[in-house]
Amino acid sequence: MSFDSPKILLQHLGLKPNRNLGQHFLLHLHQARRIVAALDLTGDDTVVEIGAGLGALTVFLAPAARRVIALERDPNLARFLAEDLFRDTPEVEVVCGDVLEFDFRRAAGEAGQPLAIVGNLPYQITSPLLFTLIREISTLDRAVLMMQQEVGTRLLAPPGLKDYGILSVLVRYHFRLTRLFSLSPGNFYPPPQVESVVLRLLPEVPDPAALDEAVLHQVVKLAFGHRRKTMNNTLVAGAEAVGLTPAQMRLVLTELNLDPQRRGETLSLAEFVALSNRVAILKQGRTGR
Ligand code: SAH
């Protein structure tokens, strides 16, 4: 079964899909149900839905959760959701705004527990959203997100492949990822240019843990700054950016048995953590002096 065609519904509302907001509406009920099912809701959950659109996911979230905060940036769609579709559904609170400015802490505080996050993401905000979720990780219980296949591939890529990057390392440091399923462009109106994939993200206690997460972030950024260069030319040459001298960085690499002729993009997550921990310790010594 399909929804009332999003095309017809939008026409009825006098609207057109806004590509700048990444509007690609789900066409099939069973796909929406599948995404919501992956969230394993209990009737006690508070859900934050990112980009509720015409409510394709929201209609399945509402009966399964205690409360649904449906974020939607487009005021026309937010008005339709609040004043029409969910007018008589008190569990759904429609919030018109940008998810990147949403107060996750306040929502989790009000819920009295960490949040379940779900969304068919507007593709242009996937990366900043993932960094936001890392920052707000203490407020999250779990997330099920649909994103462009290319970003999903980056998140899951093993070290050494060209898709492996800052996002792969930092997201995997904080979350356990599971790839659930893919959806082809024909499942959306209007169809996007690319395939989509649904991932589950579960916050994890990092193992091994970074002594200083800010230093981990800095080291990873420095190592990936010039992908084709060796660590000698990125980490050692740019050591000042993380608060060490080049000689100190060379020492760190030697201590950890990391060949400075390797490229940073070949380092595993565990190697990045070990590296950043040595850097953090040396840095402390330096500022303590
Ligand atoms: N959930 C719906 C719509 C998905 S399309 C469905 O699956 O059919 C993505 C939605 O995110 C659009 O409705 C778009 O307007 C909204 N959106 C885009 N940028 C946003 C942002 N920064 N914050 C919140 N919502 C946003």
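On a predicted model such as this, the values are computed, not experimentally measured, just so you know. Whatever order the structure lists ligands and atoms in, that order sets their numbers, starting from 1. Counting from 1, the numbers follow the sequence of the chain as shown.
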Exercise answer: donor-acceptor pairs, residues 190-201 side-chain atoms, under 3.5 Å, sequence neighbours excluded:
unit_1, atom_1, unit_2, atom_2, d
Ser196, OG, Tyr123, OH, 2.2
Arg200, NE, Ala38, O, 3.4
Arg200, NH2, Ala38, O, 3.2

**Message:** Looking at ligand 1, is there an atom of it that comes within less than 4.0 Å of some heavy atom belonging to Gly97?
**Reply:** yes
**Prompt:** Could you walk me through whether Ile35 and Leu26 pass the side chain to side chain contact (heavy atoms under 4.5 Å, CB included) check?
**Reply:** CA-CA 11 Å; Ile35 294 167; Leu26 272 170; 4.0 Å; yes
**Asked** Any idea which protein heavy atom is nearest atom 18 (C) of ligand 1, and the distance to it?
**Response** Leu21 O, 3.0 Å
**Item:** Nearest-option assignment for atom 20 (C) of ligand 1, heavy atoms, candidates Arg73, Glu49, Gln31
**Value:** Arg73
**Item:** Of the listed options Pro128, Pro122, Pro75, closest to atom 19 (N) of ligand 1 (non-hydrogen atoms)
**Value:** Pro122
**Prompt:** Can you tell me if Arg19 uses its side chain to pair, donor with acceptor, with the backbone of Gln23 under 3.5 Å?
**Reply:** no
**Item:** contact_flag Leu100 ligand 1 heavy-atom lt 4.0 Å
**Value:** no
**Request:** If you have a sec, work out which protein heavy atom is nearest atom 22 (N) of ligand 1 and how many Å separate them, to one decimal?
**Result:** Asp98 OD1, 2.8 Å
**Message:** Given the ring of Phe181, does Arg34 sit roughly above its face, with NZ or CZ under 6.0 Å from the centre of the six-membered ring and within 45° of the axis?
**Reply:** yes
**Message:** Would the distance check show the side chain of Asn187 and the main-chain N or O of Ser184 forming a donor-acceptor pair, the cut-off being under 3.5 Å?
**Reply:** yes
**Fill in**
Atoms of ligand 1 under 4.0 Å from any heavy atom of Gly22, numbered from 1 in the order shown, are 5 (S), 9 (C)
**Message:** Taking 4.0 angstrom as the limit and counting only heavy atoms of Leu77, give me the atoms of ligand 1 inside it, by number and element.
**Reply:** 13 (O)
**Side-chain touch Met231/Leu253, heavy atoms, less than 4.5 angstrom** = yes
**Message:** Is it the case that over 12 heavy atoms from other parts of the model lie below 6.0 angstrom from the CZ atom of Arg176?
**Reply:** no
**Fill in**
closest protein heavy atom to atom 8 (O) of ligand 1 is Leu26 N, 2.9 Å
**Prompt:** Centres of the Phe272 and Phe224 rings: under 6.0 Å?
**Reply:** yes
**Request:** Check if Leu54 has a non-hydrogen atom at a distance under 4.0 Å from any atom of ligand 1.
**Result:** no
**Item:** Numbering as shown, the atoms of ligand 1 that approach His24 to under 4.0 Å (heavy-atom distance)
**Value:** 4 (C), 5 (S)
**Request:** Identify, by atom number and element, the atoms of ligand 1 in contact range of Phe25, meaning under 4.0 Å from any of its heavy atoms.
**Result:** 3 (C), 8 (O)
**Prompt:** Given the rule that I, L, V, M, F, W and Y join up when any side-chain heavy atoms are under 4.5 Å apart, are Phe131 and Ile125 in one cluster?
**Reply:** yes
**Message:** Quick test of your reading of the structure: of Met146, Gln23, Glu72, whose heavy atom lies closest to atom 13 (O) of ligand 1?
**Reply:** Glu72
**Worked verdict on Phe102 versus Thr132 for side chain to side chain contact (heavy atoms under 4.5 Å, CB included)** = CA-CA 10 Å; Phe102 181 68; Thr132 301; over 6 Å; no
**Message:** Give me the nearest non-hydrogen protein atom to atom 3 (C) of ligand 1 as residue plus atom name, then the distance to 0.1 Å.
**Reply:** Gly51 O, 3.4 Å
**Message:** Considering non-hydrogen atoms of the protein only, which is the closest contact for atom 23 (N) of ligand 1, and what is the distance?
**Reply:** Val99 N, 2.9 Å
**Prompt:** So between Asn120, Ile125, Leu121, whose heavy atom ends up nearest atom 7 (O) of ligand 1?
**Reply:** Asn120
**Request:** Indicate, as side chain, backbone, both or neither, the part of Thr58 found under 4.0 angstrom from ligand 1 when only non-hydrogen atoms are considered.
**Result:** neither
**Item:** Per-residue contact class, Ala52 against ligand 1 - non-hydrogen pairs under 4.0 Å
**Value:** backbone
**Complete:** Residues passing the side chain to side chain contact (heavy atoms under 4.5 Å, CB included) test with Gln218, sequence neighbours excluded, are Val215, Val242, Lys283
